[in-house]
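Structure first, then comments.
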Amino acid sequence: MNPSQTVEDESQLSNSTTARRIQRLSLHLTPLPPLQPSPQLDMLTCAKASKLDVDQGPLSSYMRGKHREIQEKIFEFFNSRPDLQTPIEISMNEHRELCMRQLMGLVREAKIKPFRYVAEDPAKYFAITEAVGSVDMSLGIKFGVQYSLWGGTVLNLGTKKHRDKYFEGIDNLDYPGCFAMTELHHGSNVQGLQTTATFDPITDEFIIDTPNDGAIKWWIGNAAVHGKFASVFARLILPTHDSKGVSDMGVHAFIVPIRDLKTHQTLPGIEIHDCGHKVGLNGVDNGALRFSSVRIPRDNLLNRFGDVSRDGKYTSSLPTINKRFAATLGELVGGRVGLAYASVGVLKISVTIAVRYSLLRQQFGPPKQPEVYILDYQSHQHKLMPMLASTYAFHFATQYLVEKYSEMKKTHDEQLVGDVHALSAGLKSYVTSYTAKSLSTCREACGGHGYAAVNRFGSLRNDHDIFQTFEGDNTVLLQQVAGDLLKQYKDKFQGGPLSVTWNYLRESMNTYLSQPNPVTTRWESTDHLRDPKFQLDAFRYRTSRLLQSVAARLRKHSKTLGSFGAWNRCLNHLLTLAESHIESVILAKFIDAVQNCPDARSRAALKLVCDLYALDRIWKDIGTYRNVDYVAPNKAKAIHKLTEYLSFQVRNIAGELIDAFDLPPYVTRAPIAMQSEAYAQYTQHVGF
Ligand SMILES: Cc1cc2nc3c(=O)[nH]c(=O)nc-3n(C[C@H](O)[C@H](O)[C@H](O)COP(=O)(O)OP(=O)(O)OC[C@H]3O[C@@H](n4cnc5c(N)ncnc54)[C@H](O)[C@@H]3O)c2cc1C
């Protein structure tokens, strides 16, 4: 306190600070006025296009999906509780505590009980995750650690006895837990984990050990402060009566209590350290765990895919370590599905803020005329409109993924399991990489104001960045997609069935094997270029070509380099193949969504957006298409011109398109996104 300041002064100061803070918070909650049409559009000289008439109601309801109600309940809850909203400036420890209070509030006050949806209605569960993550991404991740990861291992890798014992405690947060897979020396390579769980037949227990520092569990969410249990991934070691003395049965998951349920003291044999301040997600308490002869009952083995009897005999319905490992990881794809879905949520927020700002901000203009809205600059449209189109595309693709995942959970159909595994790996990596790049573009599209923390890009970018790494590093996941495609390709030539998502390969591979039709390569009419058949054929042709050529290269190189060396020699080619395939799936799902839209005006708007998505992608890869004469030079030019024209048309309905995401003001609470009152609210924010 300033020595000349009185207590009264100080209290007045603190009152006015409080009042200002309340006023600022209320700004975040004020509903947005409807977007005004831009009076300056007519000025635009680069293109003229008739504006599509979009009825936002039907478009919004088509986009909302069937679980909007529970999302609104979550938004209302946080809207009514400013004390649970994350301030811009907050220390790591305060953020962690706030995040736990947010989670408690959600479960115990708002009565959102998510755990049963993990198994029974995954689509509803992911809708909750998306809403929670958009309140604060740390909260979304803490929520995911509790229910998808710690809860998910108990549900999916355990059996009835585990569900009966832990379900209620996990659901109501009496049993906060962690998912302890990663070790200091092994992240992506899960089969290389070194933590051991050795069966002791005398006491009927497993003994959990960290054999060396490289095996310390690292980055474990919820471990540093709040977790009471961990699902620990460790090699199951059984004593044998032969000369080896022990047998390694591969990686299994075990429930290990880490803190006392009543006193919260760390349990004997367990050492916990804090991973400390991170680039983002500082509301999540990541920690490191070391185990020294920690004894747990035999029952704590999550024994769905492999069990140990009282006399130390191992049984499993799956014949090999590799098959058990694949089945174990296969059950954990839910987290990946959730991340892909949540990443689209982040992209929607970011695109909404950037587009709203760009519809308001005016810079430069023709002499003696009003300044131009920055979204009327062709370069700005080029940055944001294909991104808006991609956001729509990813929205439908991830919805499809969630549907397939839900179906897989019900049927356990083997082919579907493989399909969802590859699709979730591909979409998670493709979408999260795209969103991460787009966050920087959106920040830049908002100029200096995009750099003010209050406008959210900093926290969105920092929090989202790691989506590219956890739940499987993107580069590693794309290789799984490529591997799956090659397997399907091999099966095709051996007459085997192709799974659902890859079905298109059968047809397009035949097209690919014949040369491009010299007549169609020259077609350049708008009708042809906007025909979904042309667009989808082009995407699929590229995938088939990449698949065919990489298969030939792998065959050639494996003779001299072996299969590992050959794979590495072709790695970039394989990654391009995986991305190309995922883009084909995304486009196919977008085209379906356009065709299935019941409202004619919304359908027309979606068709426009879908065309922009498809042609922009083709244009970005035009070199590939030109190299093989899939498109003639004039056709390439026509694609470019049409893409720019479509960008402009999408710009004309950009306001309606972002409003159809129907994100509440609380979620997009950046002052620069506050439409017509932007400057007033922004200046108030800094204290004027
Ligand atoms: C904030 C945060 C929270 C986390 N939460 C948890 C948690 O709760 N529980 C948990 O178990 N883990 C958690 N993790 C760990 C996370 O899952 C791992 O970081 C992730 O799996 C990647 O492993 P890694 O860090 O060892 O990276 P590495 O595998 O070492 O990868 C490093 C680089 O090498 C490249 N690379 C690796 N292998 C290949 C290859 N075959 N081909 C080409 N390139 C390759 C990758 O692309 C990457 O760029 C968390 C991590 C963070 C940062």
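Only a predicted model underlies this, so the values are computations on that prediction, with no experimental measurement involved. Order of listing sets the numbers, starting from 1, for every ligand and every atom in it. Only heavy atoms go into these numbers, but all of them, side chains included; no hydrogens, no water, no symmetry mates.
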Step-by-step salt bridge (charged side-chain N to carboxylate O under 4.0 Å, His left out) determination, D213 to R290 | CA-CA 8 Å; D213 283 358; R290 189 208 298 263; 3.0 Å; yes

Give a yes or no on whether atom 50 (C) of ligand 1 lies under 4.0 Å from any heavy atom of the protein.
-> yes

Ligand 1 versus T475, non-hydrogen atoms closer than 4.0 Å: side chain, backbone, both, neither?
-> side chain

Report yes or no: do S138 and Q102 form a side-chain donor-acceptor pair below 3.5 Å?
-> no

Near G221 (heavy-atom distance under 4.0 Å), the atoms of ligand 1 are 7 (C), 8 (O)

Side chain to side chain contact (heavy atoms under 4.5 Å, CB included) with T195: of I216, I208, V251, only one passes, and it is I208

Please check if a non-hydrogen protein atom sits closer than 4.0 Å to atom 25 (O) of ligand 1.
-> no

Answer yes if the ring centres of F325 and F233 are under 6.0 angstrom apart, and no otherwise.
-> no

Hey, would you say the F126 and Y405 ring centroids sit under 6.0 Å apart?
-> yes

Looking only at non-hydrogen atoms, the one of W219, F233, F467, F564 nearest atom 6 (C) of ligand 1 is W219

Which residue holds the protein heavy atom closest to atom 10 (C) of ligand 1, what is that atom called, and what is the gap in Å?
-> T182 OG1, 3.4 Å

Verify the distance criterion only: is there a donor paired with an acceptor across the side chains of D484 and H421 at less than 3.5 Å?
-> no

Of L574, T469, N222, D463, which has the heavy atom at the shortest distance from atom 20 (C) of ligand 1?
-> T469

Does atom 22 (C) of ligand 1 have a protein non-hydrogen atom under 4.0 Å from it?
-> yes

Subset of ligand 1 atoms that lie under 4.0 Å from at least one heavy atom of D473 | 46 (C), 47 (O), 48 (C), 49 (O)

Looking only at side chains, do Y489 and Q548 share a donor and an acceptor under 3.5 Å apart?
-> yes

Would you verify that at least one protein heavy atom lies under 4.0 Å from atom 34 (O) of ligand 1, or report that none does?
-> no

Which ligand 1 atoms are under 4.0 Å away from a heavy-atom of G187?
-> 21 (O), 23 (O), 24 (P), 26 (O)

In terms of heavy-atom contacts, I258 and I270 come closest through CA-CD1, 3.7 Å

Using a strict 4.0 Å cut-off to heavy atoms of M181, name the atoms of ligand 1 that fall inside it.
-> 11 (O)

Looking at atom 38 (N) of ligand 1, is any protein heavy atom nearer than 4.0 Å to it?
-> yes

Answer yes or no: is there a donor N or O on one side and an acceptor on the other, between the side chain of S558 and the main chain of R555, under 3.5 Å?
-> yes

May I ask whether Q479 places a heavy atom under 4.0 Å from ligand 1?
-> yes

Can you tell which of L571, N286, V476, N568 gets a heavy atom nearest to atom 45 (C) of ligand 1?
-> V476

Counting distance only, does the side-chain N/O of R456 pair as donor-acceptor with the main-chain N or O of V667 below 3.5 Å?
-> yes

Is any N or O atom of L149, backbone or side chain, closer than 3.5 Å to an N or O atom of ligand 1?
-> no

Return yes when L281 approaches ligand 1 closer than 4.0 angstrom through a heavy atom, no otherwise.
-> no

Is it true that D419 and K404 make a salt bridge, defined as a side-chain N closer than 4.0 Å to a carboxylate O?
-> no

Which residue and heavy atom of the protein sit nearest atom 28 (P) of ligand 1, plus the separation | S188 OG, 3.7 Å

Can an N or O of W218 be found at a distance shorter than 3.5 Å from an N or O of ligand 1?
-> no

Whether T159 side chain and R304 backbone form a donor-acceptor pair below 3.5 Å | no

